[in-house]
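One structure is given here, and the rest of the page talks about it.
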Amino acid sequence: MKRLQDVKAKEARDLYYPTMCKVVGARQITDLEKWYELQMPAGQDLGHEPGQFVEVSAFGIGEAPISISSSPSKKGSFELCIRQVGTLTNVLKRYEQGDMIGIRGPFGKGYPIEKLLGKDILIIAGGIGLVPLRSLINYVLDNRKDFGRLIILYGAKSPAELLFKEEIAIWETRDDVELHITVDQPDESWTGNTGVITTLIPGLDLNLNTTIAAITGPPIMYKFVIMSLKSKQLNDDQIYVSLERRMKCGVGKCGHCQINGVYCCQDGPVFNYTDIKPLEEAL
Amino acid sequence: MSRDLNINVHHLTRVEGHGNIVVNMKEGVLETAHLSIVEPPRFFEAMMKGRSFHEAAIITSRICGICSLGHQLTSLVATEDALGLEISEQTVLLRKLLIHGATLQSNVLHAYFLAAPDFLNAGSVFPLIATHKDVVLRALRMKRLANDIGDIVSGRAVHPITPVPGGFTRIPEKAELLEIKRRLLEEALPDGVETIETMKSLAGAIPQFERETEYISLKHPEEYALYQGDIFSSDSGSVPVHNYLDVTNEFIVEHSTSKHTKYNRSSYFVGALARWNNNSSQMVDEAQAAAEAMGLKPNCHNPYMNTIAQVAEAVHCILDSVRIIDILIEKGLKNEKPNQTPTRYGRGVGSNEVPRGILFHDYTYDNKGNIVKANCIIPTGQNLANIDDDMKKLVPEIMNKSKEEITLDLEMLVRAYDPCISCSVHMLEVDFIE
Amino acid sequence: MKPQVAFFDFTSCEGCQLNKLNLENDLLDILKHVDIVEFREAMDDKADHYDIAFIEGSISSPSCVERIHDIRRRSDILVALGSCAVNGGINAMKNLHPIDEVRETVYGKDKYLFATLPAMAVSSVVKVDYEVRGCPMNQQDFLKLLIALVLGKQAPKYNSPVCVECKLKENECLYNRGMVCLGPVTRGGCDALCPSFGQFCTGCRGILSNPNLDGMLEIMTNHGISLDEAKKRMLLFNSNEVQL
Amino acid sequence: MECYSLLRADVPALIDHLGKFGEVVAPHRKGDVSYSFESVLDSSQVVLDYNRTLLPLKKLFLPPVEKLMDFSLKNMSFDPVELTTQPRVFFGVHSYEMQSILRLDHSMLSGNAESNYFKRRKNSRFVGISFEPDDFHFSESVGIAIEEMEGFDLFLNEIDDDFQLYVLSDNGRSLIQGFKQIRTVEAELSGKREFKKKIRYHYNRLPRIFQYAYKSKVWADVAEKCVGCGACTLTCPTCFCFDVTDEVSVTAEDGLRQRTWDSCMLSTFAEVAGGENFREKTINRTRHRLYRKFKYITDEEGLPWCVGCGRCTAFCPAGISLPDIVNELIQEDEKAQYHHTVRV
Ligand SMILES: Cc1cc2nc3c(=O)[nH]c(=O)nc-3n(C[C@H](O)[C@H](O)[C@H](O)COP(=O)(O)OP(=O)(O)OC[C@H]3O[C@@H](n4cnc5c(N)ncnc54)[C@H](O)[C@@H]3O)c2cc1C
Ligand code: SF4
Ligand code: SF4
Ligand code: SF4
């Protein structure tokens, strides 16, 4: 048990003060999502790992946990992509280049890169789940020789909701990326796959020994994707998921993000499947 | 002059609730002149049926947010009368203090926000913020203090919380009362004096119109009656509160969702002017002097002067509140629990003066303490017949004015009564047939 | 340009209107953010379009229905103010009795003179964008909503019980004083005003979205009142909202 | 152990003496039948015999509503809150309450240590007092004796209406320096106060019960009565969940960010965007509450995170009793064991 006398005065910090970051780029990329590029006050790096998040704050409105969407290998600035679903996110929609946004973090555990080195990386992103996974994808692409295959499965409700279209177009042309995209509801122009994301899994040819899967998407997606992966004989410890919970502090105090005994903001949001499998509240 | 005149003021502004002024004159003959009450009836009597005595005042306070304290206290008096609940002297004093606060609030609101714009040729108080900022700030300050009395003593000025049958659920702290006293003396009193000056300067805009009528209010042997007393008619003298039905004699008219009343004549007047005419000598001296300064004399028959009587009352309330606070502090505030053990069941009547006039609540309880029969007679309802009679006299007198001027005079007349229409439609006599 | 704001009253006690005029200390600040273009109780003016229309009172007659439709057509944002408007409030108690019987008890043979409908929430007639709860509407709540609208953020929603605020203020629970209180199932946001003044919560801010009503009735009957009384108490401000 | 005798009549003098160190906080009467920790203005008003305060001492370390910062909307900037803390003595604290502070220390200072909590906690002294358990206390069932002195600087043990004053730390010794109305005596720790056994098992057997209780029927029984008011968690001395909100002034130019105690018993607590609610049902929430007390943190720290103060039970309007729930889980487990053995 941690005791008062074991805590040194300088260890105790003001956990709730944001750092004001300047918006250096902002673009509405779909009807609901806006992309932002932010710069720290002295232009320093945020110092995050793929999969971590920050608490974004706008005075008068509040805070929300938002994943860092850019790779740590990108220097000088970092990127977010925010879906407008409620109070804060709708106010952030009005923020443009030159505005200041408060940031706390980076928080949480991201992907354990050292365990991923040399592995085939299977990305499975549903909807806005691509936002955090893009950090990992770009990290792999920036350090391409350190990893094996890069397989990306990406599913969206409709073609209009696909995020990062230009980047996807580039991934598509690279022969070291295996990209599979599907939409639930195609429009006339759509020529790709249709159907939920799990339909992409059976056709995959995976190397069982070296594949690591990273899944992020809406809550109901996880169970089905994991089931499909299990039928591909992937082991539990080869699967990583990133979970979303309500969060108020991001530093393991407020209690909102608790999943049974673990804190999503401290122990996650990226979890190895073996660790959360026994937790009833996780998936 | 044979004139055709057709006035229909739809949803009269700056009064509480919805009423229309309807005047119809054909070839110089007045066919209609009345205030038509169109507010949808709310049927409080149906809501009261079967309700416990703990809930009666909570419900009746919602008859009217403007006079919520008056309804609440009158309801409590009726309930205590019916159930034989004795209340302490401290309770009575705190209630009187609350009535002063509510009367001050309401009279200031009426004089400054609802009536003054007429005198100053404005459509509302809002333009006055630019042209008469100090006056508006003064009005806001007086209102705030009046409401703070309500907030501190009763929890909330609108729909008070702490007054319950048998007493109060919370007694204010001594320090809170002393702070109110300080503000009454240091803020409200100078503001009251300024108010008198303002009203004096506006006196010229008050229409000169007189109609003698019957003035009915409460009368108390020892003080300017606001909380309890006997019914008093300027025509025929005192009547015990229990016999109020002999005075009110309600009847239905087609142009009003609210019933009308009459006693010795076809109509009677209730409110500040009636209280003034019946009891002015019991006001504190300073208030009497203020009235005189504003041109208000005893036996005043100009209904437009009701607003002036309200201002005199405001001064009375400020000073009498100080007196009450002094007594409360001198006697020492006691943390009393409300006495809620009935000693009998049956009928009880309560009557108080609320800003707009005399108010009656009349309940009958069964022996479980649930209401079987309820009746409320509201001041504005009692004034409606008098307003109609005033209009019938006024219109022929001002027939030579333009239609706009006549309309304004009529609107000002109705507003002078400070009618609370929301109140007047909400409670009518009813027997519950079990 | 400042938003054009209007206030309208329907069947109500007008306490909510008064409660706005009672915001003495803040009134001038409010007027810096908005232009009041219609407020019958306080002014003569009328307007054709409103950015924000605040509605007080229940809808309880055919002419009310017409008028509220008309206001809705001319308003961008429509806010229900106070219990009467939000859920019918105390007016809705009359709905517990057959309407014809109610009219007859009051007007006798003249009952057909005055049309009336059940007392309805504004939202059961037209679309309501926001609400300010309470009887009377809570002033702080009203200010918060107004500021939120001015800042373009969403209005606070209250779905936590009154007990939460009551506990934060360290009030002695009324159940420990032998009283019966509706705090556990009533929407908070009032800073537990009534219990803080020693009076039971009357449920004026409406019942929580997902209440355990049977549990609540059991609590009340375990604290000395009959089931019948417990139900009446719960219906005081919520006749339209709960079925018992 | 250093020990002195102290007459009951001299306790106010002691409280006044403690005032030399700093603000003294002690139990006072509140309402008809309740108590609360308040600053001492008049030492004769301090209550020595009380069952429990409405809110626990945590309110003075982690305030129910706490300003985190002021901000300006015009400049998009904020001002930190400069917290200056005065020395404080907490007088008349029961042993379970002290234990709850030690647990709260862990919650607020492990992982990311929070500075506001740390500052408030730093300069505080604790003077304990023994108590007569009432029907709701069950601290002994969770391993905390009435005379448990861990964490205290001084402790008053009532003996025959007067007190023995134990000095437990250097800080404690300096607190009573110069206080004359005490006499050195032989320490005599009475074991006289009887605790009725409230939880049937020793607390170290409880983790096993909770390991298998997740799917228990008991949760549904509790959920039928629970109205989700949050009283149990808000008054619990070891609960610390909070919400953060921004309040803007009427000028719409500035405002403040604050945190407010929250409760996992409220139905909105685990709601996220899109309407998903990770603990939608009362069953889930009640279970979570008890698992927070007896399993999640307990598994790691080896101690129950319930100190047996009985507040959750005494202040639940529905009369839901925490020891009863635990006992029912135990009973259910015993039945399951029994059936198991019979079958084998
Ligand atoms: C680790 C993590 C990473 C995230 N990354 C992203 C991201 O990269 N991009 C993105 O657009 N969104 C992301 N989210 C979701 C985002 O935090 C929520 O959409 C956001 O908090 C909603 O805030 P709001 O004020 O706009 O909505 P509100 O108006 O507060 O609420 C709208 C709805 O969201 C719920 N809600 C409130 N707080 C949260 C919360 N913290 N998480 C989820 N729901 C909440 C409310 O209960 C309500 O139902 C992430 C969430 C987590 C936990
Ligand atoms: S007094 Fe009422 S609102 Fe307060 S805690 Fe008790 S039940 Fe809840
Ligand atoms: S105090 Fe009782 S009723 Fe309220 S949430 Fe806790 S267990 Fe449920
Ligand atoms: S769970 Fe109950 S008994 Fe245990 S510490 Fe919390 S409030 Fe006290």
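Quantities reported herein were computed from a predicted structural model and do not represent experimental measurements. Chain A is the first sequence line, chain B the second, and so forth, proteins listed ahead of strands; every chain is numbered from 1. Note: hydrogens, waters and symmetry copies are ignored here, and every other heavy atom, side chains too, is used.
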Only residue of C:Leu217, C:Leu213, C:Asp214, C:Ile219 satisfying side chain to side chain contact (heavy atoms under 4.5 Å, CB included) with D:Val227 is C:Ile219
From CA spacing to verdict: salt bridge (charged side-chain N to carboxylate O under 4.0 Å, His left out), D:Lys30, C:Glu170 = CA-CA 9 Å; D:Lys30 170 128 186 176; C:Glu170 201 169 6; 5.1 Å; no
Could you grab the distance from atom CD of D:Glu247 to atom CG of C:Leu143, nearest 0.5 Å is fine?
-> 11.5 Å
Proximity breakdown for D:Leu55 and chain C, heavy-atom pairs closer than 4.5 Å | both
Whether over 12 other heavy atoms sit under 6.0 Å from D:Lys281 NZ | no
Heavy-atom distance under 4.5 Å to chain C: side chain of D:Thr260, backbone, both or neither?
-> side chain
For D:Leu234, is it the side chain, the backbone, both or neither that has a heavy atom under 4.5 Å from a heavy atom of chain C?
-> side chain
For D:Ala252 and C:Ile147 the tightest heavy-atom approach is CB-CD1, 4.3 Å
Residue from D:Val33, D:Val248, D:Val65 scoring the most non-hydrogen pairs under 4.5 Å with chain C is D:Val33
Which bit of D:Thr268 comes within less than 4.5 Å of chain C, counting heavy atoms only: side chain, backbone, both or neither?
-> side chain
Quick one: CE on C:Met179 to CG on D:Asp32, what's the gap to the nearest 0.5 Å?
-> 10.0 Å
Ranking C:Glu218, C:His33, C:Arg177 by heavy-atom pairs under 4.5 Å to chain D gives rank one to C:His33
Name the region of D:Phe269, side chain, backbone, both or neither, that has any atom closer than 4.5 Å to a heavy atom of chain C.
-> neither
Under a 4.5 Å cut-off applied to non-hydrogen side-chain atoms, are D:Trp261 and C:Val164 in contact?
-> no
D:Asp135 atom CG, over 12 foreign heavy atoms within 6.0 Å = no
Check each atom of D:Thr235 against the heavy atoms of chain C and say whether the ones under 4.5 Å are side chain, backbone, both or neither.
-> side chain
Chain D heavy atoms under 4.5 Å from C:Lys169: which part of the residue, side chain, backbone, both or neither?
-> backbone
Cut-off 4.5 Å, heavy atoms of chain D, and the answer for C:Asp26 is side chain
Heavy-atom distance under 4.5 Å between the side chains of C:Leu151 and D:Leu73, does that happen here?
-> yes
Quick one: does C:Asn212's side chain have a donor or acceptor within less than 3.5 Å of a partner on D:Cys226's backbone?
-> yes
Heavy-atom side-chain contact between C:Pro161 and D:Leu266 under 4.5 Å = yes
Pairwise distance CZ(D:Arg29) to CD(C:Glu172) - rounded to 0.5 angstrom = 9.5 Å
